[in-house]
Amino acid sequence: MNDSTESLNSTGSTERAARERIDALLADMTPEEKAGQLTQYFSFALPEGAETDPALGLDAAAQPRAVEAALARGAVGSLLFVTDPVEINRLQRLTVAGNRHGIPALFGFDVIHGFRTIFPVPIAMAASWDPETIEAGQAVAAREARAVGIHWTFAPMVDIARDPRWGRIVEGAGEDPHLGAVVAAAQVRGFQGAREHTSGTAPGAAERILAGPKHFAGYGYALGGRDYDEVSLGDADFWNVVVPPFRAAIEAGAGNVMTAYMALNGIPATGNRWLLTEVLRGELGFDGFVVSDANATRNLVTHGAAVDLPDAAARALGAGLDMEMAIADPAFAHLPAAPASGAIREADLDAAVRRVLEAKARLGLLDGDPYVDEERARAVLADPAHRDAARAAARRSAVLLRNEGDLLPLDADALSSIAVLGPLADSVRDTLGPWVFAFDLDETVTVLGGIRSRVGERARVEYARGVPVGQRTFPSMFDMFGGNAPVDSDGFDAGAEFERAVQVAADADVAVVVIGEWQNMIGEAASRSSLDLPGRQLELLQAVVATGTPTVAVVLNGRPLDLRWAAEHVPAILDVWYPGSQGGAAVAELLFGDAVPGGKLPFTWPRTVGQVPMTYAHLPSHEPENQGRRYWDEQSTPLFPFGHGLSYTRFAYSGLRVEPAAVPVDGAVTVSVTVRNDGDRDADEVVQLYLHQRSGSASRPVRELKGFRRILLRAGEERRVEFEVGPDARRYWNAAARARVLDAAEFEVGIGGDSTAPLAASFTVTG
């Protein structure tokens, strides 16, 4: 067996032996020991002063002591937020010593877009439209995490996000369920390896970790894009939009699923039996274990769905929750008394424990050595191949939004001076993006650093911050971790620095202005009411353009921002997202033509926040011919469409064919098109296929992505690209029939480089 197909039972135990071992453990475990296996604690030493943060609700000094006391009495099944292999080994020894059966702990961590080597943020990886790049990135993350002793990641986040005010849009794949499903499956394969169909849940070989898709389900539909707020979601969107990425992640073998914080249609997700048992286990066939988000079980009391912690524990377990993630004082500590009182069934408690023990068995923890090779961990983290992979991913995820007059790529030999401007241009921490904790700042390359390294002595590179750093009105709960909150240097003179930046731009041959959001402005608890550029960044950009110097805007972001002015006045706009450890090097390669942008937008880019939520896959509704005039004061069309992304070459599409012209309901058609590179540069194009059902038993979206392929075309090369469109691509949940249906109807196919897909043909599905 190789690494990608090896069973989770990689220690030599057979599935039968593992089941027998688990049966024996369950027969001998006390109710208290069972509850312990279902309890996960945070274990971290917080910075000084963190105990006063109301978002945490804990005594930071007492919390580590409480965790170690729980370990000593065998009341812990899992720990999270520990990354030092020495500390992981110490805590694992305490776990084994304190457990009467010597059962080790599962160690979990938020390995979202890298561990030490940081890759572009997930929304950026989705913008690559390249499953192989996505899978390779998460395989590196898994290798580094497993090397230090982490077994399980709380990723991928597969929530569909159609409201960019929601901060967690940065963690997902955007607005589309098909793209989201492909990205979700690729991430699970990267973390776990290819699914081993004969052994159930996917592999946990030596360099792999369990994936934990989240947040089940509907979390991205929060009212007003406000994180944690309630979700009211119709069943058509639930089944047609929200479920597909979860289904894909589960079919790829995900070993864990995390619940959501919010109430879905009035029922808190963590206590929703319909959601966790009927849908997740019944409809989707999930056979792994389910964990709550942090304190979500306790929060059943806050929601008003439980009267107290014992009631919350019983309701969550009865709904289908297997493990509680707790910061302190877990509700599941009250489970031992619940069977005797009739609050839960003993069989449900045992089933939850069995699922947790099965995960440990497949990871080799029940019969193998649960400790970390600390020397090997250092070698894995230092592997230079990981940095190469991160650099390649940053290149492939960048999206060229605008390039009037072919300003890009820049000719380094023709430039004597380059102005690099904006506080984000040389911000190491912001280059990495949010949701990273174990990174190495010393190896991170900023945009300024990448440009300076690329041009060397050939051109003078002058840098000016220009404006102060942006600040949140309400601080982020993550600001307590050192370096997460942006600060200006002592003595920073905003007026003088602004004038200096404008003068530097005026004296340069080209100006590169790096704009966007600081990383603490996006992510969890980072929703916002505006999409404006924070602080005085727009003012700086306008002043630089006014100098007459050719200007390139490089955007660091995890959501669409208000770029209306820039899209009209700035010749070139390159969206590089938060590009990670090697981001600046990749950006320089893109700016100077060593690499050609090939990424595409994974969301619709609105003109203004007043348009959101906005999706390309909307229904025709009334007067579709006036779709762009829904608002009287602003076009109700996007600034950039879903799937948009330019190149340094031009692609031509021709010869669209759909064969056969008619098929039965269970039939499939083949769609083919010729794509030609009309330019003089080798480049990638993402060929996108969209489908529209013109009639049927429900109104269907004007366009839905049903297939895509990223291909490399040499200069002058053309290629025939084929897609199969079968029943699965046409099947949808019908809210009237309350079932998934296939209609006999006429279908329109659109092919192109974005969701406008101007090349069209049709076929008929007969009854």
Side-chain angles (χ1 to χ4, degrees), residues 129 160 175-182 185 234-248 251 283-285 615-625 627 641-643 653-675 686-709 720-767:
W129 292 57
I160 295 297
E175 72 178 63
D176 185 78
H178 179 77
L179 178 62
V182 172
D235 60 348
D237 266 10
F238 178 82
W239 291 107
N240 293 328
V241 180
V242 169
V243 166
F246 283 101
R247 188 188 298 274
E251 289 176 351
E283 171 67 21
L284 301 186
T615 177
Y616 82 94
H618 58 81
L619 299 180
S621 193
H622 178 64
E623 293 188 347
E625 68 275 12
Q627 182 65 40
F642 174 83
Y653 288 75
S654 63
L656 175 61
R657 288 203 304 267
V658 181
E659 297 172 323
V663 294
V665 169
D666 60 352
V669 299
T670 298
V671 179
S672 60
V673 68
T674 296
V675 186
V686 179
V687 184
Q688 302 166 41
L689 180 146
Y690 294 86
L691 201 63
H692 169 56
Q693 180 177 314
R694 288 177 172 168
S695 63
S697 55
S699 180
R700 302 297 296 133
V702 296
R703 284 266 164 98
E704 289 184 291
L705 180 72
K706 293 298 180 179
F708 63 88
R709 193 161 302 140
R720 196 77 182 160
V721 180
E722 288 189 355
F723 299 92
E724 182 176 274
V725 179
D728 286 345
R730 305 190 311 269
R731 187 177 285 111
Y732 67 96
W733 176 269
N734 183 298
R738 302 198 63 77
R740 300 180 77 210
V741 303
L742 280 167
D743 289 334
E746 186 175 2
F747 288 81
E748 180 181 84
V749 174
I751 290 274
D754 61 43
S755 57
T756 63
L759 204 59
S762 64
F763 66 94
T764 301
V765 174
T766 59

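Counting only heavy atoms from C-beta outward, the side chains of N734 and Y732 approach each other to under 4.5 Å. Between L691 and F763 there is a side-chain heavy-atom pair separated by less than 4.5 Å. The shortest side-chain heavy-atom distance between V687 and I751 falls under the 4.5 Å cut-off. Proximity of L759 to V673: side-chain heavy atoms (C-beta onward) are separated by under 4.5 Å at one or more points. For the pair F708/V182, a side-chain contact is recorded, criterion being any heavy-atom separation below 4.5 Å from C-beta on. At least one side-chain heavy atom of P758 sits under 4.5 Å from a side-chain heavy atom of T756.
The aromatic rings of F642 and Y690 stand perpendicular to each other, their planes meeting at an angle above 60°, with 30° marking the opposite boundary.
For the residue pair D754/Y616, the side-chain donor-acceptor check at 3.5 Å is not satisfied.
Shortest non-hydrogen contact noted between S672 and R720 is OG-NH2, 2.9 Å.
Residues meeting the salt bridge (Lys or Arg N to Asp or Glu O under 4.0 Å) test with E746, sequence neighbours left out: R694.
Distance alone, capped at 3.5 Å, places no donor-acceptor pair between the R730 side chain and the A668 backbone. Between the side chain of D743 and the main chain of S697, a donor-acceptor pair closer than 3.5 Å is present.
When each of V671, L689, T670 is paired with E722, the side chain to side chain contact (heavy atoms under 4.5 Å, CB included) condition holds for T670 and for no other.
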